[in-house]
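The structure appears right after this line, and notes come after that.
Here is the naming used below: chain letters follow the sequence lines, and residue numbers restart at 1 for every chain. Bear in mind that the values here come from a model prediction, so they are computed numbers and not experimental data.
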2 protein chains.
Amino acid sequence: MALTPLQQDFVLHFGEMGSRWGINRTVGQIYALLFISEHPLNAEQIAEHLGFSRSNVSMGLKELQAWNLVRLKHLQNDRRDYFTTPDDLWEIVRTLVEERKKREIDPTLSKLRELSMDGQGSADDAYAHSRIEELRELIELLTGWYDDMKGLETKRLAQMLSLGSSIHKLIEKSGRVVSLPRRMSGGTKTEEK
Amino acid sequence: MALTPLQQDFVLHFGEMGSRWGINRTVGQIYALLFISEHPLNAEQIAEHLGFSRSNVSMGLKELQAWNLVRLKHLQNDRRDYFTTPDDLWEIVRTLVEERKKREIDPTLSKLRELSMDGQGSADDAYAHSRIEELRELIELLTGWYDDMKGLETKRLAQMLSLGSSIHKLIEKSGRVVSLPRRMSGGTKTEEK
DNA sequence: TATGAATTTCAGAAATTACTGAAATCACGC
DNA sequence: GCGTGATTTCAGTAATTTCTGAAATTCATA
C-alpha cells in the first residue's frame, strides 16, 4: 500500500510546486498520485497514501473537479467514487491551459475592455488609456491565436511544435503576402526595437 | 496626486488578480500603477498613491526586480530610485513567460529527468515510470518549441500569431514532408483519440 | 422509509503569508 | 570621516489560507 520511493518523490515534488502553480500542496499531491497510479483510487485510499484527513482529500478532489482535471469512475459493486487522470497527456495540457486562461486571463480581458470604453474622454487619462488599449489589443491577439490553435487535432499540433520557428520560412516562401491578419484590423503596434 | 477613477479601477483589478497570478496584492498594484504612469515613480510616490507602508513598497519593488519586470531610472539631482515598466509590451510578455517558465516549469523538468533516470529497474514502478517519461517528453517538446520561438523577432512573431492555425495549411502545401522533427527522435506518442 | 456507508460541509485550530514601524544600512555631498 | 536622506531589513502583528474532526447530508439498498 505504501508508495515506492519513486512515487513518493514525484508526489512530494508536485506538492511543493503546488504553491507556484496556484494550487495548494494537498491538491498537488493528490493530482500527482492519481497521475502515476495505474488504477483509479477512491478518497480513502488517497487519504491513506498521502496522510491527509479524509475531509481534506474531499476538498482537494472537489478542487480538481472544478479544474476538470480528474475523471470519475465507478467499479462494480462498489459505490465509492474512484478517480483517475486522463490517459492522454495532451488532453491534460489542453485542460490546464484552458482553465488557467479562464481564471487568469479572461477576467482581465473583460476588465480591459470595460476600461477601454469608460476611459475615453478625460485628458488626465490619456496616457493610462493608451496603455490599457495597447495591452487589451495584445491580449486579444494572443487569446485569438490560442482560440484558433486549440481547435487543431493533436497530431497537427505536435507537428507544428516540432517545426518550431522554422515555420516562418514557410510563410516567406508562400509569397510573403501573409494573407491579411484574420483577426484584427491593424494588429498591435509592432514597432521592432 | 490622487489617481483618476480609471487608474484606480485598473490598479485595484491587478491587485485582486495578483493572487491568481501567484503574486500578492501589493506587487500587483505596484506593477499596475507603474504600467499606467507616464513618468517613472519613486518608492514614496508609490506608497502614497496606493496607501501602503514604505517598507511594503520596498519589498514589492524588490520582488518586481527579481522578476525583471521593472526598470530603474534616475533623474538629475535626485538620488532616489525611480521605477518604470518597459514601453514595449512585447518585451513585458517575453519577460513574464520566461520568468514563469523558470519558476514553474524548469524545476519540474529537472525533477522529471532525475526520476526518469532513477526509476528504471523496479517492476513496481513500471507504470509510474512510463507516465513520468511520457510527461517528461511532452514538456521537453513544449519547452523546446518555446526556446525556439522566443528567438523570433517581434514582427515575425506577431505575424505568426495573426496567421494562427492556418499555418498548418502551409505545412501541407510545402510537400508534407515535415522535415524530420528537429528536436526529438520520435516525439511523444501521438495517438489521435 | 429506515439503515448505514460514502461524502460533504463547516467551525475552529494550525500554518503560512503579507504587512508594518522601527532600527539598521547604505550612499552621497560636504 | 560626518551628516542627511534614501532604502532595506527585520521582528512582531495582522490577515489569509489550509487543514482537521465532528456533524450533517446524500443516496443506494433493505
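Between B:Tyr82 and A:Ile23, the one whose closest nucleotide on DNA chain D sits nearer the 5' end is B:Tyr82. In terms of position on DNA chain C, the residue among B:Gly51 and A:Asp78 whose nearest nucleotide sits closer to the 5' end is A:Asp78. Residue order along DNA chain C, read from the 5' end via each residue's closest nucleotide, puts A:Ser58 first among A:Ser19 and A:Ser58.
Between the side chain of B:Ser55 and the base of C:dG21, a donor-acceptor pair under 3.5 Å is found.
An OP1 or OP2 oxygen of C:dC19 is reached within less than 4.0 angstrom by a side-chain nitrogen or oxygen of B:Arg25. Applying the 4.0 Å criterion to OP1 and OP2 of C:dT9, one finds that A:Lys62 has a side-chain N or O inside that range. When the side-chain nitrogen and oxygen atoms of B:Arg80 are compared with OP1 and OP2 of D:dA6, one or more of them lie within a distance under 4.0 Å. Residue B:Asn24 places at least one side-chain N or O closer than 4.0 Å to OP1 or OP2 of C:dC19. Taking only side-chain nitrogens and oxygens, A:Thr26 never comes nearer than 4.0 Å to OP1 or OP2 of D:dT18.
We find that CG of B:Asn56 is positioned 14 Å from C1' of D:dC10, with the value rounded to whole Å. For the pair A:Phe52 CZ and C:dT7 P, the computed distance is 18 Å after rounding to whole Å. Going from atom CG of B:Leu72 over to atom P of D:dA6 covers 15 Å, rounded to whole Å. For the pair A:Leu61 CG and D:dC19 P, the interatomic distance rounds to 13 Å; values are reported in whole Å. One can place CG of B:Asn77 at 16 Å from P of D:dG5, the figure rounded to the nearest angstrom. To the nearest angstrom, C1' of C:dA6 lies 9 Å from CD of A:Glu44. Rounded to whole Å, atom P of D:dT7 lies 5 Å from atom CG of B:Asp81. The distance between atom CE of A:Met59 and atom C1' of D:dT25, rounded to the nearest whole Å, is 15 Å.
A side-chain donor-acceptor contact under 3.5 Å links A:His129 to the backbone of A:Ser116. Judged by distance alone, with hydrogens and angles left aside, the side-chain atoms of B:Ser58 form no donor-acceptor pair with the main-chain N or O of B:Arg54 at under 3.5 Å. Side chain of A:Ser37 to main chain of A:His39: no donor-acceptor pair is present (N/O by atom type, distance under 3.5 Å, no hydrogens or angles).
Residue A:Arg54 is in base contact, counting any heavy-atom pair closer than 4.0 Å across all strands shown. Counting non-hydrogen atoms under 4.0 angstrom, A:Asn42 reaches nothing in the nucleic acid.
B:Val27 and B:Leu12 are not part of a single hydrophobic cluster, where members link through side-chain heavy atoms under 4.5 Å apart.
The pair B:Arg136-B:Glu114 does not count as a salt bridge, with every side-chain nitrogen at least 4.0 angstrom from each carboxylate oxygen.
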